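No experiment lies behind these values; they were computed from the predicted model shown.
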Amino acid sequence: MVVTAAALSHVEDLADFVAASPSSYHAAAEVARRLEDAGFVRLEEDDEWPAQPGGRFVVVRDGAVIAWVVPKDAAPTTPAQIFGAHTDSPGFKLKPQPTTGSRGWLQAGVEIYGGPLLNSWLDRELRLAGRLALADGRVVLADTGALLRLPQLAVHLDREANKALTLDKQLQTQPVWGLGDPLEEDLIGELASSAGVNAADVRGFDAVVADSARGAVFGKEDAFFASGRLDDLASVHAGVVALADAAKAPDRIAVLAAFDHEELGSASRSGAAGPFLEDILSRVYAGLGADATEQRRAFAASWHLSSDVGHSVHPNYAFKHDPVVQPLLGSGPILKINANQRYATDAVGSAAWAQWCQTAGVASQEFVSNNTVPCGSTIGPITATRLGIRTVDVGIPILSMHSARELAGVSDLHDLTRVAEAFFSA
């Protein structure tokens with residue numbers, strides 16, 4: 001396997017991106033920051049938007065972000081090339097009245113978010129991050145850095161731990177963050193302090209737990225990259241890099257849509273099942289003078305590339321995978337296929353994906369589930385259903401999906417970005 005200098009540089013930038021994005025709110029803000037640095041204009045949804053062709057723009061809605069590039073010669077029926085991903089990851093979210101504890105320990109009251117691999121969160125230094133809504137109407141981001149830990153019970157006290165370890169989702173998933181009396185301490189105060197605000201001014205919060213360790217390259221010939229939140233910040237990062245490159249000379253309206261709440265089913269105002277993407281596209285096409293029919297004509301010629309991670313074949317559990325179709329880390333991005341439309345890929349989309357990969361000079365693999373191990377779903381079928389835009393589900397193969405720290409191939413991460421660039425240029 002050859003890992004190029006360009007691929008290594010790409011994953012170092014991805015490590016920076018993940019480190020800056022411990023929550024969906026941070027991820028959306030980091031996407032906006034990077035694109036603003038690249039010349040994009042930040043818009044607010046309650047403002048009037050430019051009503052002429054041309055321009056590069058970005059809008060943040062809570063933990064979701066959509067950015068787009070409009071060609072100078074765009075017409076009411078100019079199609080869109082939409083690269084979709086999501087900003088959230090499985091883990092833990094802070095409960096109301098989160099300062100808890102017992103026996104002299106301070107603990108955090110957390111609720112399980114999505115479907116994390118619980119055991120993977122044990123014995124790691126964790127950070128608490130999210131947003132705070134203040135009394136004066138401001139919303140600020142907060143990040144404590146390494147503060148919490150879920151300590152595992154010693155094997156001396158659980159002789160069966162190496163046979164079957166099962167965590168009680170309430171009693172054994174509350175991390176420690178200090179020593180003291182919970183009646184005299186305030187976890188929200190710690191969060192507020194990290195944001196430089198007074199705890200008394202906090203009126204609401206959305207905060208999650210994230211791994212504090214930086215992503216790392218390792219393995220023979222630097223083949224592997226391990227990091228938290230690769231599902232799905234790997235795709236979000238690929239889209240950001242590709243969109244900044246596409247901004248140079250797009251032929252179609254290039255769009256990055258990074259949604260929140262995918263791990264919960266996407267049903268929210270900032271999720272793929274909500275109106276965010278449709279709201280943005282409707283306003284963009286209205287700015288081009290499109291009527292309802294012209295907008296639908298544009299949608300009919302548009303593409304949505306829904307990018308999320310999939311499973312690499314696991315060397316210790318090969319029987320869990322399809323016996324023939326077995327994607328492998330380092331062998332290229334994956335085309336995700338499911339007979340029951342858990343993924344939106346069809347024959348026409350498969351052919352288009354093959355062309356984009358050929359244009360980028362990237363090898364591709366297919367992914368399909370073992371019939372006895374049903375797959376999850378993505379934003380792809382949701383967006384296809386909501387907007388009627390032809391959608392292809394793709395991604396990269398990883399191991400340890402939904403772990404606190406997932407494993408990807410360095411070359412795959414770079415290759416996904418290269419295909420995204422070809423997609424935007426199609």
Side-chain angles (χ1 to χ4, degrees), residues 1-22 27 30 83-91 116-117 120-121 124 210-211 213-242 258 262-263 305-317 320-321 325-336 357 360 362-367 375-376 378 393-421:
M1 179 188 301
V2 177
V3 175
T4 65
L8 287 170
S9 176
H10 180 80
V11 297
E12 283 301 319
D13 187 61
L14 172 58
D16 289 340
F17 181 76
V18 174
S21 306
E30 178 66 6
F83 186 91
H86 66 89
T87 57
D88 64 322
S89 299
L117 192 61
S120 72
W121 289 84
R124 297 178 182 273
D211 184 20
R214 179 180 169 83
V217 173
F218 69 104
K220 183 177 181 293
E221 298 177 340
D222 292 331
F224 302 141
F225 179 71
S227 174
R229 286 176 44 76
L230 290 179
D231 179 6
D232 188 33
L233 292 188
S235 296
V236 177
H237 177 259
V240 173
V241 174
E262 189 274 346
E263 299 295 348
L305 199 59
S306 164
S307 182
D308 203 346
V309 296
H311 301 291
S312 169
V313 62
H314 195 303
N316 297 334
Y317 301 91
K320 290 287 187 178
H321 303 269
V325 181
Q326 298 191 339
L328 179 66
L329 261 66
S331 296
I334 54 174
L335 176 68
K336 301 166 77 171
C357 289
V362 167
S364 174
Q365 310 177 81
E366 294 172 324
F367 170 81
C375 67
T378 70
D393 271 300
V394 302
I396 58 165
I398 69 168
L399 288 181
S400 307
M401 189 185 296
H402 287 198
S403 168
R405 196 166 175 86
E406 296 160 322
L407 175 63
V410 169
S411 61
D412 297 334
L413 292 161
H414 186 227
D415 285 348
L416 177 63
T417 302
R418 293 168 61 197
V419 181
E421 291 170 345

So, R124 side chain and A404 main chain: donor-acceptor pair closer than 3.5 Å or not?
no
Correct closest heavy-atom pair for L14 and A234 would be CD1-CA, 4.2 Å
For S411 and V3, indicate whether the former's side chain and the latter's backbone hold a donor-acceptor pair under 3.5 Å.
no
Listed once per pair and sorted, the salt bridge (Lys or Arg N to Asp or Glu O under 4.0 Å) pairs that draw on residues 400-410, sequence neighbours left out
D211-R405
Would you find a donor on one side and an acceptor on the other, under 3.5 Å apart, between the side chain of D232 and the backbone of A85?
no
Tabulate below the donor-acceptor pairs under 3.5 Å that side-chain atoms of residues 4-11 make, not counting sequence neighbours, or state none.
from : atom 1 : to   : atom 2 : distance (Å)
T4   : OG1    : A7   : N      : 3.0
H10  : NE2    : L413 : O      : 3.4
H10  : NE2    : T417 : OG1    : 3.1

Measure the shortest side-chain to side-chain distance between V241 and E421 over non-hydrogen atoms and say whether it is less than 4.5 angstrom.
yes
For residues V410 and D222, determine if any side-chain heavy atom of one lies less than 4.5 Å from a side-chain heavy atom of the other.
no
With side chains defined as the heavy atoms from C-beta onward, is the minimum distance between I398 and L407 less than 4.5 Å?
no
Going by side chain to side chain contact (heavy atoms under 4.5 Å, CB included), name the residues that satisfy it together with Q365, two or more places apart in sequence or in a different chain.
P327, L328, S331, I334, P397
Donor-acceptor under 3.5 Å (K336 side chain, V309 main chain):
yes
Sub-4.5 Å side-chain heavy-atom contact between H237 and V18
no
Any side-chain heavy atom of L329 within less than 4.5 Å of one from F225?
no
With no hydrogens and no angle check, just 3.5 Å: does a side-chain donor-acceptor pair link D393 and T378?
yes
Tell me the closest heavy-atom pair linking W121 and P116, and the distance in Å.
NE1-CB, 3.7 Å
Do E262 and T87 touch side chain to side chain, with heavy atoms closer than 4.5 Å?
no
